[in-house]
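Down below is the structure, laid out as structure tokens.
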There are 2 protein chains.
Amino acid sequence: MRPLNGERAGVVTLADVAAEAGVSLATASRALNGSSRRVGEDLRLRVAEVARRLNYAPNAQAQAMARGRSDVVGLLVHDIADPYFSSIAAGVMQAAEEHRLLVTLVSTQRRYGTEAEHIAMLRGQRGRAMILVGSRTRDRDATELLRQEIGTFTEAGGHVVAVSQRSFPVDTIVVENRAGARLLGHELTTLGYERFAVLAGPPELLTARDRLQGFRDGIARAGGGLLPAAVVTGPFTRDGGYAAMTELIARDLQPQCVFAVNDVMAVGAMAACRDHGIELPRDLAVAGFDDISTLRDITPGLTTVRLPLEQMGALAMDLVVTAEPGGSPRVRRVRGEVVVRASTPAR
Amino acid sequence: MRPLNGERAGVVTLADVAAEAGVSLATASRALNGSSRRVGEDLRLRVAEVARRLNYAPNAQAQAMARGRSDVVGLLVHDIADPYFSSIAAGVMQAAEEHRLLVTLVSTQRRYGTEAEHIAMLRGQRGRAMILVGSRTRDRDATELLRQEIGTFTEAGGHVVAVSQRSFPVDTIVVENRAGARLLGHELTTLGYERFAVLAGPPELLTARDRLQGFRDGIARAGGGLLPAAVVTGPFTRDGGYAAMTELIARDLQPQCVFAVNDVMAVGAMAACRDHGIELPRDLAVAGFDDISTLRDITPGLTTVRLPLEQMGALAMDLVVTAEPGGSPRVRRVRGEVVVRASTPAR
DNA sequence: TGTAGACCGGTAAGCGCTTTCCCGAAAGTG
DNA sequence: CACTTTCGGGAAAGCGCTTACCGGTCTACA
């Protein structure tokens with residue numbers, strides 16, 4: 001069914017609704033979209049009925065312009081296919097729905113240097129907030145660029161929430177990577193392990209570094225230690241874990257336990273072990289980090305540090321909606337919980 | 001650094017840039033954002049330099065209004081945390097970046113009835129297109145509502161691409177679920193299996209039904225057959241698979257092979273088997289569908305039907321950017337490829 | 001030298017809304 | 001009953017852009 005007054009083919013505007021209902025633009029606007037002013041009940045009903053009949057949906061862009069604020073929130077992740085990020089995104093989406101916000105997703109495809117550019121795109125959208133998930137790199141120039149972008153956005157009235165990094169003066173969800181990894185390291189030494197190796201992720205990612213450092217602390221405290229040359233770096237992905245494990249095997253260091261700094265890498269490492277005839281957990285123990293839900297059913301069950309990923313997403317959105325105009329940065333700490341499974345039996 | 005003419009605190013507009021550069025609005029606009037008209041090189045440089053210095057980012061909403069078209073594309077999925085959807089989303093995101101489009105994500109949280117409402121939200125954004133991923137339900141009323149929403153959107157000049165369903169006259173990526181499941185069923189009978197059970201997913205989802213039907217065909221053709229009462233329905237999730245498998249075990253039908261209509265359910269089923277002392281694949285063979293990449297390393301390796309999920313997402317975006325105004329609906333078929341792994345050894 | 005035409009800068013209309021202001025009518029008040 | 005409020009409707013300004021349209025310069029060509 002075509003709209004009745006078919007001027008610009010097909011697009012029903014508020015003006016169409018107003019005309020059809022025989023009221024002014026102002027009245028139609030007030031009747032349909034919550035306004036402080038009231039509209040007579042009869043007119044309100046008439047306008048609503050016309051709007052429904054014409055399938056009118058307000059042009060959110062025009063509303064945003066006129067109101068000076070919008071209902072979209074930008075969400076930036078490194079890789080939406082990675083369950084770590086998609087879980088957080090799920091939490092964000094859920095909270096977004098509750099608050100009737102729309103989420104614009106940007107994925108940097110793990111090209112960590114392009115974030116500033118992506119943020120600029122989000123800034124162009126004039127969303128009310130953005131949520132930046134994933135740790136930043138150590139690259140000074142890139143970080144400075146980011147800081148600049150974030151500053152411009154916040155000065156323009158936008159709100160920023162960072163998840164899993166602390167480099168910027170914005171609301172932040174701090175993941176206690178060090179503490180979690182330390183607990184894990186401690187737990188593993190308690191289980192009797194002494195000779196460890198680590199698949200450490202990309203050296204430029206702070207999350208990866210924190211987890212490595214925490215793990216070091218955890219095992220050192222118990223008198224354990226890393227084997228020399230037992231830290232292998234590589235991408236934060238399944239294939240990265242596979243490659244790093246393969247490299248580790250080639251070095252022939254005979255660790256008793258391998259800690260992969262995230263579950264996805266751990267799974268890759270486990271696959272590498274299988275392909276090299278290493279039987280798990282008999283020949284080698286493996287531990288990960290994150291407790292990705294889709295990976296909870298692998299065998300042997302992966303010992304890991306559980307992070308409440310969906311909650312973190314929801315929490316981020318919560319920080320967005322509870323933001324006060326001039327408020328100073330808030331910090332929410334999220335701690336991980338060690339989950340011991342079959343991949344690290346007591347020795 | 002605050003913008004120089006600090007009228008509306010912090011937000012740099014094109015007018016600010018124009019004023020600062022000493023040119024008109026029109027010239028500034030033409031200089032910064034590709035226009036058919038050219039601008040003298042000296043002015044162009046001056047404007048660009050000012051824009052950079054003031055950290056100007058064009059207001060995409062205003063641009064969209066003025067131009068009458070926008071660069072955002074809506075993406076609707078059932079559950080972004082599900083690797084099936086997040087993989088497709090990753091493909092979409094990648095293609096979006098190539099074409100410099102922004103993606104607004106909506107997740108229905110598997111409340112299949114709320115899609116029309118979500119689509120209306122996307123419609124309000126006046127994006128140039130939307131991509132609807134995931135099969136629709138059999139619910140007539142809901143489907144009719146959807147058809148209506150989609151119709152309104154397309155009449156208003158928006159483009160729609162559907163992935164994995166054929167209920168609407170729009171560009172569609174058809175996943176050959178039936179054919180894939182048929183091939184899988186055939187392959188399994190070839191491997192010597194005769195007594196099958198199926199964990200069938202939600203009966204209202206067309207994808208689930210198609211896979212069940214195809215599987216039936218595949219094994220029937222080879223003279224095999226489903227055990228009576230051997231089709232258990234349940235949610236399309238890991239827990240759904242777990243519950244369905246538990247139910248199946250309780251029925252004590254002694255199947256030789258269980259087909260879960262997606263990998264995520266298959267993993268849940270495998271967990272249920274372990275918890276009930278059923279050793280895989282010795283006591284029971286299991287097969288899935290999708291070939292989710294994060295699940296490729298589970299043991300025993302899961303026999304499944306591989307779907308090019310990321311490619312499907314990219315393809316969807318390709319249909320968006322190559323859309324012709326009055327073109328009739330295009331169909332792209334995507335076929336699955338059977339991947340036999342250790343979970344279904346030859347008998 | 002005269003003039004058509006390319007070139008390029010500016011002016012202003014308009015995209016679809018919200019919201020301020022104005023104004024007439026109804027309701028309250030002494 | 002005269003006067004002040006309150007109520008609710010409409011006209012119009014304006015959000016930040018793009019893009020006709022206009023007009024002044026400069027070049028090219030007869």
Side-chain angles (χ1 to χ4, degrees), chain A residues 3 5 7-47 51 54 56-72 123-128 156-157, chain B residues 3 5 7-47 51 54 56-72 123-128 156-157:
Chain A
N5 44 358
E7 19 177 69
R8 274 175 41 85
V11 201
V12 180
T13 73
L14 186 60
D16 297 332
V17 175
E20 178 75 8
V23 300
S24 77
L25 216 49
T27 302
S29 171
R30 292 197 268 250
L32 291 177
N33 318 22
S35 146
S36 53
R37 288 274 308 262
R38 265 191 332 178
V39 165
E41 190 60 8
D42 48 344
L43 282 192
R44 211 182 54 71
L45 286 177
R46 183 151 98 231
V47 172
L54 296 187
Y56 170 73
N59 182 329
Q61 321 226 37
Q63 287 187 314
M65 283 205 61
R67 289 176 174 157
R69 71 194 143 75
S70 96
D71 288 335
V72 338
R123 186 154 66 84
Q125 288 299 307
R126 296 294 189 273
R128 74 159 59 169
Chain B
N5 44 356
E7 21 178 69
R8 275 175 39 88
V11 200
V12 180
T13 71
L14 186 59
D16 297 332
V17 175
E20 178 76 8
V23 300
S24 76
L25 216 50
T27 303
S29 171
R30 293 197 266 252
L32 291 177
N33 316 22
S35 145
S36 52
R37 291 271 309 260
R38 266 191 331 180
V39 165
E41 190 61 8
D42 47 346
L43 281 191
R44 209 183 54 72
L45 286 177
R46 184 151 96 231
V47 172
L54 297 187
Y56 169 73
N59 181 330
Q61 321 224 39
Q63 286 186 315
M65 284 207 59
R67 289 175 173 157
R69 72 195 144 75
S70 98
D71 288 335
V72 339
R123 186 153 68 83
Q125 287 300 306
R126 297 293 190 274
R128 73 160 60 170

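Throughout, protein chains are lettered first and strands after them, A, B, ... in sequence-line order, and every chain is numbered starting at 1. When reading the values below, keep in mind they use all heavy atoms of this one structure, side chains included, and skip hydrogens, waters and symmetry mates.
The heavy-atom pair separating A28(A) from A18(A) by the smallest distance is CB-CB, 3.8 Å.
Atoms CZ (R38(A)) and C1' (dT19(C)) sit 18 Å apart, rounded to a whole Å. Atom C1' of nucleotide dG8(D) and atom CZ of R44(A) are separated by 14 Å, given to the nearest angstrom. One interatomic measurement links the two molecules: CD of Q125(A) to C1' of dC15(D), which rounds to 16 Å at whole-angstrom precision. For the pair Q61(B) CD and dG14(C) P, the computed distance is 23 Å after rounding to whole Å. Rounded to whole angstrom, the span from the CG atom of L14(A) across to the P atom of dC15(D) amounts to 20 Å. Rounding to whole angstrom units, CD of residue Q63(B) and P of dC17(C) are separated by 19 Å. Here dT18(D) presents its C1' atom at 14 Å from CG of D71(B), a figure rounded to the nearest Å. Rounded to an integer number of Å, the gap from D42(B) CG to dG9(C) C1' is 11 Å.
Dashed line: the shortest gap from a side-chain N or O of N33(A) to OP1 or OP2 of dT18(C) is under 4.0 Å.
With a 4.5 Å cut-off on side-chain heavy atoms, L32(B) and P58(B) do not count as touching. No side-chain heavy atom of T13(A) sits less than 4.5 Å from a side-chain heavy atom of N59(A).
Distance CG/L14(A) to CG/L54(A): 11.0 Å, rounded to 0.5 Å.
Nearer to the 5' terminus of DNA chain C, by closest-nucleotide assignment, is the contact made by L43(B) (compared with the other of M65(B) and L43(B)). With DNA chain C read from its 5' end, the first of the two nearest nucleotides for V23(B) and A62(B) is the one closest to V23(B). Between A57(B) and E41(A), the one whose closest nucleotide on DNA chain D sits nearer the 5' end is E41(A).
Tested against R30(A) for a side-chain contact (heavy atoms from CB on, under 4.5 Å), the candidates R37(A), R44(A), R38(A) yield a single pass: R37(A).
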Give every donor-acceptor pair under 3.5 Å between a side-chain atom in residues 61-70 of chain A and any protein atom, sequence neighbours left out.
from, atom 1, to, atom 2, distance (Å)
Q61(A), NE2, Q125(B), O, 3.0
S70(A), OG, V72(A), N, 3.2
S70(A), OG, R126(A), O, 3.3

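Under the side-chain contact (heavy atoms from CB on, under 4.5 Å) criterion, A21(A) pairs with V23(A), R46(A), V47(A), V50(A), sequence neighbours left out.
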Distances under 3.5 Å between nitrogen or oxygen atoms of protein and nucleotides 19-22 of chain D:
from, atom 1, to, atom 2, distance (Å)
dC21(D), N4, R37(B), NH1, 3.2

